[in-house]
Amino acid sequence: MTYIGGSVHRIEDTALLRGEARFAADLSFPGQLHMRVVRSPVACGRLLGVDASGAASLPGVEAVWTSADVADVPPIDFRMTRTPGLEPYRQPILAEGMVRYVGEPAAVVMADDAYTAEDAAGLVFLDIEELDPVLDPVRGGGRAVEAAVLEKGYGDVEAAFEGAAEVVEMELAVGRHSGVPMETRGALARYDPMTAAIEMFGAAKVPHYNRSAIASMLGIPAARVVLREGCVGGGFGIRGELYPEDVLVCLAAWRLGRPVRWVEDRREHLMAANHSRDQVHRIRAAVDPDGWVRGVEDEFWLDQGAYVRTHAVTVADLTASLVPGPYVWPAYRVRGRVRLTNKTPCGTYRAPGRYEGSFVRERLMDVIARRLGLDPAEVRRRNLIPAGDMPYDRGVDALGSSVVYDSGDYEALLDRVLEYLDYEQLSDGLAERRAAGESVGIGFGYFIEKSGLGPFDGVRVTVDEAGQAVIVTGVSSVGQGVETALAQICADHLGVPLEAVRVRCGQTDDLPYGMGSFASRVTVMTGSAVLIAARRVREKALDAAAPVLEAAVGDLTVEAGRVFVKGSPDGPGVTLAELARRLRPGAGPAAGDGEDDREPGLTAEGWFEAAHMTYPYGLHTAVAAVDRDTGEVRVERFVVAYDIGRAVNPGLVDGQIVGGAAQGIGGALLEEFVYDEAGQPLAVGFMDYLMPTLHEMPPVEVLLSEDAPSPLNPLGVKGAGEGGITAAGAAVANAVADALGRPEGITRLPIRPDLVRRLADG
Amino acid sequence: MKPARFDYHQVRTAAEAVSVLAQSGGEAKVLAGGQSLVPAMNFRLARPEVLVDINRVAELDRLTDEGEILRVGSMVRHAAFERPVDDGPLGRLLSMAARHVGHLPIRIRGTFGGSLAHADPAAEWCVIARLLDAEMVAAGPGGDRRIPASEFFHTVFTTALEPDELLIEARLPKPSPSAKVGFKQFSRRAGDFALTMAAAVVEVRGGEIAEARIALGGVSDRPVRAPGAEEMLRGRPLPPSSSSSSSSYTAFADAAEHASGEVETIGDIHGSARYRRDLIRVLTRRALEQAAAQ
Ligand SMILES: Cc1cc2nc3c(=O)[nH]c(=O)nc-3n(C[C@H](O)[C@H](O)[C@H](O)COP(=O)(O)OP(=O)(O)OC[C@H]3O[C@@H](n4cnc5c(N)ncnc54)[C@H](O)[C@@H]3O)c2cc1C
């Protein structure tokens, strides 16, 4: 065990840092066509017709397609949380009869170069009879279609509210944000007549699922679609889901017999890739005078946008299940309403449902504390689930399985943070600054994350005759460091140096099965599979080495790629490379005539299954200063304490947390997809969709803890991908409310400076 | 994100640029730093048929100090002002403003003249030009003409320049060496166009304010002055030096209050018209305080 737990440098960085890595837009094939999407310019209308004649006659244009050309292709189906009744709301790959949001694909142009394609797209005339858009899912009255209602809960909520000393009721909202990866989407497909297969580059996140989905939409066997992932410039939940453009590129390559390339521009990205968040909650809590929460009732509305995409009701489901977070809350009832509006469809974005739910829960806990005149940290402590109650059955399900917190000592983490902050002294310091006229405050956000979503993942580990180990996986890398973490696990459990390990991700013809990269699942699921496969390879190596070294298997060990008798590293040994040569087909004493029933090669697969998720947890603390005159908020400190069970690579975890915190602070203060009253999106560029920059970011202080390894996997790990963002909105909001001395003032994210100013005025 | 088709001319002299512009029948655009024009072309918001690239015109990339006037050639880059171009109040003021113009890569390419010609109401140089009553010199087929700042900015992205005119330079009158200057702005992120900015020049004689100028940016369709507030300050004593914001001294706050009432403001997704009024009040006061503290 030398690599696991160490902050080794990322093995994938050399090419990335040299600018040699290849992203989707770096790829080209001879003779390729460029696809340009003609998008609806209006939020809602009847699409009476499409006149493509002008575009089609432009020199260099190969084809212009409208919905009539793809009428045999069904709409995009659900990947997760399929619920009956949602089918009518699936998105067709080209708008059919109606356009339902600005940016909806209504036609595509294929041309010899990207300039001609864009010229031609401008000549496609969409004949649209405009209709009034639906933009408010809550107050849109009966006009906002309710696609789904989710209800969950446990305990006796009525009894909890009866006789409660205090009832705290709030309406809280999180605006429309999304993950905005540095690399926009891109796809390049070609058709190989020899194998009758379509090959698509630019896949991400869930290549295996998308391969099957594309094949089924095109009516061909899955084996005739191959998806390839190259380097991916960020995922965040939105990249790599199946979108209309992916299907169109594959279909066009097949039908037109030429490679077809599509690279999204940023403006398209901000109106066509999944949006997320956008929830309004009405929540009430029944509280005892000592701050004990007797029960909570929540109703929320999720503005789904115009269609239900691949995630179906995943976000609503996760929101509903995880609002109670780390607290006992003996009774809880929630109703989530997923409603359709004329905006970009929504999907998941890093910590889906938890960012929103944590904001709601943690704002509520703060307000409860203030109303009762108690310290916010103390109220939280009183309501935390005790460590002795682990594993803790939450009494609700999420993503189809029951939510059972696998391990945790929530109070210990709170204590650790308070001690780290020197809470009393910090509070005194803030009080002094307030007395001197500054507006400063502190805010907490406690949260439970979920990670390691099953049901399975697998890898094949092979050591070749040069001693190189290759891990072939069914997951994908979105730039988060998967390769390094998996290589560390392999190196330790196989007994090879890290430099001898390579990782292949995201090629659907490598392994038949793969679940993909989302829900902070890879290190848990694939990492466990690597451990299993590496151990098997090691066993195989020991078996093969025993006769060579004339020693019993049990007396042997592997280190640095060499097998030798335990305790005698300087004695006789045999390298894994040599053993791989000996395990060649036709080699070795057993070789002979006819069938060989040995599996050749130093190779093994490992598969890991999980029926339940793991639940990491953490506490965000923000210290913020407010300029009462301008309404400017400066986050002075941001502390993330996170229990990850076990950190395979603390440096990578740190990176995940800091990046997540930046996105969380962005969502808290800056980012929002704003629409005007006609349903036009106003934030379709980086001048208006405001991502935080270095200037807006405080240094993030990360306190990683490993108090509660997961009992659900052999590594004890929990996921790292989302804990940096989960309660960032909550912590910042609580700090701003505290700074303003208006505990109940902040009810919506992002917190805009004009609102802060108004609140400052009283 | 691919521009529409265009012809490209690289010119070496201002005269050559003017002649290409004249031949293009109003369909040409001057390419300076490209920091506003190129994105607009990529979005196809601008579709010039001809681009006249003036980046190689050496005569436009010059600062000329004429004592009373600083002549800024239109191709002088934003970054040239980050360090004061002179050691008087003008150099100070330009330097204070320069560091708010976008980010470093934008400042290295973007130009003073491009910014004026582009006429974003929240552009620092437009506000400074209005503050100082600069004159813009335009060259056209009929020769050169001078346009005062008060007439130069018509509305958002629209100036008094004709399509066949080239902006040659801006003539910035220098405040007196003892003048005090202030510049404050508020944007939601560092480097963004400001929601509101306030620039001030205060001329002092015998401890009194002899003349105050206040210009505001980002508040409406063009940079504006606050003449009423300027007038209120004339003849007022400066605040006691160490405590420019002391409560007994209200002249700056009163003038700022007045400024926030006298100009028209408009709202957008980053801030309402009313919020911009609030910002005018605080930024004007702060700019004056900053000036007085020098
Ligand atoms: C991310 C970003 C942030 C920015 N932030 C700011 C900011 O905070 N403050 C700010 O002021 N600016 C900002 N800008 C804009 C930047 O300052 C531009 O450089 C400036 O607006 C235009 O100058 P340019 O030299 O790049 O002109 P170009 O983009 O080349 O031209 C702009 C327009 O002016 C015309 N033009 C240019 N020169 C002449 C001339 N000599 N005669 C006639 N017409 C001419 C062009 O034809 C065109 O219409 C930002 C830009 C970006 C990309």
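Just so it is clear: chains get the letters A, B, ... in the order the sequence lines come, proteins before strands, and each one is counted from 1. These figures come from a predicted structure and were not determined experimentally. Excluded from the calculations below are hydrogen atoms, water molecules and symmetry mates; all remaining heavy atoms, backbone and side chain alike, are included.
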What residue, out of A/Gly631, A/Pro753, A/Ala117, has the most heavy-atom pairs lying under 4.5 Å from chain B?
A/Pro753

I want to check something: taking the side chain as every heavy atom from C-beta on, are A/Ser178 and A/Glu671 in contact at a cut-off of under 4.5 Å?
no

Winner by heavy-atom pair count (cut-off under 4.5 Å) against chain A, out of B/Phe186, B/Phe43, B/Phe193
B/Phe186

Looking at A/Glu245 and A/Arg185, is any side-chain nitrogen of the basic one under 4.0 Å from a carboxylate oxygen of the acidic one?
yes

Leading residue by heavy atom contact count with chain B [cutoff under 4.5 Å; candidates A/Asp119, A/Leu690, A/Thr693, A/Leu682]:
A/Leu690

Flag yes if more than 12 heavy atoms outside A/Arg266 fall under 6.0 Å of its CZ atom; otherwise flag no.
yes

For the ring pair B/His78 and B/Phe112, is the centre-to-centre distance below 6.0 Å?
no

Can a salt bridge be assigned to the pair B/Glu49 and B/Arg5 using a cut-off of 4.0 Å between side-chain N and carboxylate O?
no

Measuring heavy-atom distances to chain A, does B/Leu279 have an atom under 4.5 Å in its side chain, in its backbone, in both, or in neither?
side chain

Ionic contact status for A/Arg434 with A/Glu438, cut-off 4.0 Å:
no

Give, as side chain, backbone, both or neither, the part of B/Arg274 having an atom under 4.5 angstrom from any heavy atom of chain A.
side chain

With chain B as the partner, which of A/His695, A/Glu672, A/Glu268 has the greatest number of non-hydrogen pairs under 4.5 Å?
A/His695

Can you tell me which portion of A/Asp627 sits under 4.5 Å from chain B's heavy atoms? Options are side chain, backbone, both or neither.
side chain

Tell me, side chain or backbone of A/Leu694 under 4.5 Å from chain B's heavy atoms, or both, or neither?
neither

Under the criterion side chain to side chain contact (heavy atoms under 4.5 Å, CB included), which of B/Met96, B/Arg286, B/His100 is the partner of B/Gln185?
B/His100

Please state whether the side chain, the backbone, both or neither of B/Pro39 comes within less than 4.5 Å of a heavy atom of chain A.
neither

Taking non-hydrogen atoms and a cut-off under 4.5 angstrom, which of residues 105-116 of chain A neighbour chain B?
A/Ala114, A/Tyr115

Side-chain ion pair, B/Arg277 and B/Glu262, N-O less than 4.0 Å:
no

Establish, from distance only, whether the side-chain atoms of B/Thr111 and B/Arg77 form a donor-acceptor pair under 3.5 Å.
no

Select one option (side chain, backbone, both, neither) describing which atoms of A/Arg757 are under 4.5 Å from chain B's heavy atoms.
side chain

Chain A shares the most heavy-atom pairs under 4.5 Å, among B/Arg281, B/Lys2, B/Arg276, with B/Lys2

Strictly below 4.0 Å, N to O, side chains only: are A/Arg36 and A/Glu118 in salt-bridge contact?
yes

Can you see whether B/His270 engages A/Asp754 through a side-chain donor-acceptor pair at a distance of less than 3.5 angstrom?
no

Going by atom types only, do B/Asp221 and B/Thr155 share a side-chain donor-acceptor pair under 3.5 Å?
yes

Which atoms of A/Glu696 approach chain B - backbone, side chain, both or neither, heavy atom under 4.5 Å:
side chain

